[in-house]
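Taking it in order: structure first as structure tokens, then the write-up.
Naming convention: chains lettered A, B, ... in sequence-line order (proteins, then strands); numbering from 1 in each chain.
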2 protein chains.
Amino acid sequence: MAQRPKPAIDAVEILHRRFYEGKPTRLKSLEQTRANEEIARTICELRTAASLTQSQLARLIGTTASVICRLEDADYEGHSLAMLRRIAGALNQRVEIRFVPIRRSA
Amino acid sequence: MAQRPKPAIDAVEILHRRFYEGKPTRLKSLEQTRANEEIARTICELRTAASLTQSQLARLIGTTASVICRLEDADYEGHSLAMLRRIAGALNQRVEIRFVPIRRSA
DNA sequence: TTGCACTTTCGCAACATTGCGAATAGACTG
DNA sequence: CAGTCTATTCGCAATGTTGCGAAAGTGCAA
């Protein structure tokens, strides 16, 4: 599936500058950190809304309480899609993933 | 370690039956499989919409084309949040995650 | 046909997340 | 106070994902 080779090269450079040249690669972590905090809080809210303890939720998805505790830690950055889906499934929910465009201070 | 809270245990059992007793644990994989296919297709669409080849996108996020190819494979089930965010970031997007309740034939 | 760009598959090392138990701390009750 | 339940933290083995190159497959055009 060969497409246009010439206009794409420029896009690569533009995007690259936009995200890796202007910033020390640490800035992106800020947004991710907030996203992780939100995930942790969401898990905790869903669990408590279902009147479940960490141990009970852990048993539902076949793990232990320490794992749930780790997921609900705001500083945790290792959230995986697989784990989120397991939790969602146990709570009769599903994980919806969407890519939404970022508007940069426009 | 005696643990017997009376009110919550019921909820645990109910939820457990709802998801692990009535079905052979394979059914859940079906939904996940479709979700994975959708993710793969979304990545591919976002990439092509940006007029990028797999190699170019790979370079943007600091990996190789084979990795991108693997992510765009509909049969791939190892999608991680970290990778999705890397791709989204390179394409000037962000990954939105939501837990939505499942309606079982309302 | 050849050449070229793109995609796909394979294999394995490196890294990240999970699984799990045990110990600790906090809150609440009798 | 002791007793119980819950939440948190630590460490390490097991599992899973990523990183990467190389080779082969695909489609298009000269």
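For the residue pair L60(A) and A90(A), the shortest heavy atom distance occurs at CB-CB, 4.0 Å. Nearest approach of I97(A) to V95(B), heavy atoms of both residues: CG2-CG1, 3.9 Å.
Taking atom CD of Q54(B) as the reference point, atom C1' of dG25(D) lies 13 Å away to the nearest angstrom. Rounding to whole angstrom units, CD of residue E77(B) and C1' of dT15(D) are separated by 15 Å. If you take CD1 of I68(A) and P of dT8(D), they are 12 Å apart, rounded to a whole angstrom. The distance from atom CG of D75(A) to atom C1' of dT8(D) is 13 Å, rounded to the nearest whole Å. Following rounding to the nearest Å, R47(A) (CZ) and dA7(D) (P) show an atom-to-atom distance of 5 Å. Taking atom CZ of R59(A) as the reference point, atom C1' of dC5(D) lies 13 Å away to the nearest angstrom.
The side chain of R70(A) lies closest to dG11(D) when the candidates are dC20(D), dT9(C), dG11(D). Picking from dC20(D), dC6(C), dG19(C) the nucleotide with the shortest atom distance to the side chain of T53(B) gives dC6(C). Side-chain proximity of T64(B) to dT17(C), dC20(D), dC20(C): nearest is dC20(D).
In this model, the phosphate group of dA22(D) is not approached by any side-chain N or O of S66(B) to a distance below 4.0 Å at OP1 or OP2. Considering only side-chain N and O atoms, S80(A) lies under 4.0 angstrom from the phosphate OP1 or OP2 of dT18(C). Between T63(B) and the phosphate of dG19(D), there is a side-chain N or O to OP1/OP2 separation shorter than 4.0 Å. Remark: Y76(A) is not in phosphate contact with dT9(D), judged by side-chain N or O atoms under 4.0 Å from OP1 or OP2. Side-chain nitrogen and oxygen atoms of R86(A) include at least one within less than 4.0 Å of the OP1 or OP2 phosphate oxygen of dG19(C).
Of the N and O atoms on the side chains of T64(B) and S66(B), at least one donor lies less than 3.5 Å from an acceptor on the other residue. Between the side chains of R85(B) and N36(A), at least one donor-acceptor pair of N or O atoms lies under 3.5 Å.
One finds the CG atom of L52(B) at 6.0 Å from the CG atom of L91(B) (value rounded to the nearest 0.5 Å).
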